[in-house]
Amino acid sequence: MTEIKNDTEMPQEFRRTINLEQCDKRVLITGATSAIGAALAQTYARPGVILYLHGRRQDRLIQVAADCAAFGAQVITQSLDLCDLSALHDWLKNLGALDVVIINAGMNTHVGSQGEPEPWGEVEALLDVNLKASMLIAQSVLPAMRERGTGQIAFMSSLAGYFGLPMIPAYSASKAGIKAYGEALRGWLSPEGIHINVIMPGYVESSMCDAMPGPKPWVWSPQQAALAIQRGLARDQARISFPFPLNWGTWWLAVLPAALSHRIVRWLGYGA
């Protein structure tokens, strides 16, 4: 029987008891109310899977949970503030051993249209969510994985993590940071059977994508992105980057001399 539960508030029809013994896969996805997050949740939803879905928008979270339940998954939802690191840790440490953790939640900010700096309050919140919360999630779920000697954690970086774009400096910095963190954890933990992966998408149809300034070539649908991510995680790819050729081009921006890369970025229309 499909079962859905919420750790916060949920209509009575969604309140049921989870039987963990019947589940052969336990998957946690943060930011499940975002475009990619919702598509990922539906991609992983199937009978025998228990999904832990986190999202900020309660109404959207209920809909995503219902969609996943329709595919036969058991679903538990949580909508706590990721900036509340203490509450986040308390929630995660009580979940027990998870098989797959996709740290997808994130936010963006950008410089103003007249060159104004990014609002500092937005920068702080962005770093709390994109970096600090992502790192804490990994540290909170790792002990149970290491005890079992198995598990998988995927960090959501971005192609902007290869080379900082002038219009989104804080976002670029956070994605470069989480890329480096995930790569370091992979080198540290892979001998223990823990798989660490870094996801580096280009432009994916979403409200966040719409709000970002600058050109948006090779835009993918959330469903395309979710399938590419799922396949990459199944293959344990160290970096899951897409789409080609945008991923190839951004990689070159990191390799070329910085002065040349800056000229290319401005020529392409990404200058501040």
Side-chain angles (χ1 to χ4, degrees), residues 27-31 34 36-37 40 82 85 88-89 92 98-108 126-165 168-204 208 220 225-258 261 265:
V27 180
L28 167 67
I29 301 172
T30 67
S34 69
I36 293 179
L40 278 169
L82 293 183
L85 299 180
L88 177 60
H89 175 70
L92 292 168
L98 298 167
D99 296 298
V100 179
V101 174
I102 303 176
I103 306 173
N104 169 69
M107 61 176 294
N108 190 17
L126 180 149
L127 294 176
D128 282 345
V129 173
N130 293 8
L131 268 178
K132 291 172 65 176
S134 297
M135 295 166 73
L136 178 68
I137 291 168
Q139 291 207 9
S140 299
V141 302
L142 268 174
M145 289 185 177
R146 297 182 78 185
E147 185 176 346
R148 288 194 310 163
T150 185
Q152 186 167 31
I153 301 173
F155 293 94
M156 187 63 71
S157 180
S158 165
L159 292 182
Y162 275 132
F163 187 85
L165 297 180
I168 49 172
Y171 179 82
S172 298
S174 71
K175 294 306 184 180
I178 207 62
K179 170 183 174 288
Y181 185 71
E183 290 169 345
L185 260 60
R186 184 179 178 92
W188 167 36
L189 294 165
S190 57
E192 299 184 24
I194 309 299
H195 305 286
I196 307 293
N197 314 90
V198 176
I199 305 164
M200 303 184 71
Y203 295 104
V204 177
M208 180 184 289
W220 275 22
L227 288 173
I229 292 168
Q230 185 191 46
R231 286 195 294 266
L233 293 179
R235 297 167 183 162
D236 191 31
Q237 292 177 214
R239 293 178 190 156
I240 303 167
S241 66
F242 55 85
F244 184 84
L246 190 60
N247 54 355
W248 183 77
T250 52
W251 179 85
W252 272 107
L253 289 175
V255 173
L256 292 170
S261 294
V265 164

Does the side chain of [X] reach to within under 4.5 Å of the side chain of [Y], using non-hydrogen atoms?
{"X": "Val265", "Y": "Leu253", "value": "yes"}
{"X": "Asp236", "Y": "Arg186", "value": "yes"}
{"X": "Met107", "Y": "Ser174", "value": "no"}
{"X": "Ile196", "Y": "Gln152", "value": "no"}
{"X": "Leu189", "Y": "Leu142", "value": "yes"}
{"X": "Asp128", "Y": "Leu82", "value": "no"}

Hey, does the side chain of [X] reach the backbone of [Y] with a donor-acceptor pair shorter than 3.5 angstrom?
{"X": "Ser172", "Y": "Gly164", "result": "no"}
{"X": "Asn247", "Y": "Ser241", "result": "yes"}
{"X": "Arg148", "Y": "Leu98", "result": "yes"}
{"X": "Thr30", "Y": "Ala105", "result": "yes"}

[X] versus [Y], closest heavy-atom pair with distance:
{"X": "Ile29", "Y": "Gly37", "answer": "CG2-O, 4.2 Å"}
{"X": "Leu131", "Y": "Ile178", "answer": "CD2-N, 3.7 Å"}
{"X": "Ile194", "Y": "Gly149", "answer": "CD1-C, 4.3 Å"}
{"X": "Leu126", "Y": "Ala170", "answer": "CD2-O, 3.6 Å"}
{"X": "Leu159", "Y": "Met200", "answer": "CD2-O, 3.4 Å"}
{"X": "Ser158", "Y": "Lys175", "answer": "CB-CG, 3.7 Å"}

side-chain contact (heavy atoms from CB on, under 4.5 Å), that's the test. Do Asn130 and Asn108 meet it? Break it down for me. CA-CA 9 Å; Asn130 293 8; Asn108 190 17; over 6 Å; no
Residues at least two apart in sequence or cross-chain that pass ring pair (Phe, Tyr, Trp, His ring centres under 6.0 Å) with Tyr203, listed by chain then number, are none
Could you tell me the separation between the [atom1] atom of [X] and the [atom2] atom of [Y], rounded to the nearest 0.5 Å?
{"X": "Ile102", "Y": "Gln230", "atom1": "CD1", "atom2": "CD", "answer": "8.5 Å"}
{"X": "Leu85", "Y": "Ile137", "atom1": "CG", "atom2": "CD1", "answer": "9.5 Å"}
{"X": "Ser190", "Y": "His195", "atom1": "OG", "atom2": "NE2", "answer": "9.0 Å"}
{"X": "Ile229", "Y": "Ile240", "atom1": "CD1", "atom2": "CD1", "answer": "7.0 Å"}
{"X": "Arg231", "Y": "Phe242", "atom1": "CZ", "atom2": "CZ", "answer": "10.0 Å"}
{"X": "Met156", "Y": "Ser34", "atom1": "CE", "atom2": "OG", "answer": "7.5 Å"}

(message) Is there a side-chain contact (heavy atoms from CB on, under 4.5 Å) between Thr250 and Phe163? Walk through the geometry before answering.
(response) CA-CA 7 Å; Thr250 52; Phe163 187 85; over 6 Å; no
- [ ] Begin from the C-alpha positions of Phe155 and Asn197 and carry the test side-chain contact (heavy atoms from CB on, under 4.5 Å) through to its verdict.
- [x] CA-CA 6 Å; Phe155 293 94; Asn197 314 90; over 6 Å; no
| task | Run the numbers on Lys179 and Arg239 for side-chain contact (heavy atoms from CB on, under 4.5 Å), then give the verdict. | result | CA-CA 9 Å; Lys179 170 183 174 288; Arg239 293 178 190 156; 3.6 Å; yes
### Message
Parallel, tilted or perpendicular: which one describes the rings of Phe244 and Trp248, with boundaries at 30° and 60°?
### Response
tilted
Taken in chain and number order and not counting sequence neighbours, the residues that satisfy salt bridge (Lys or Arg N to Asp or Glu O under 4.0 Å) with Arg146 are Glu192
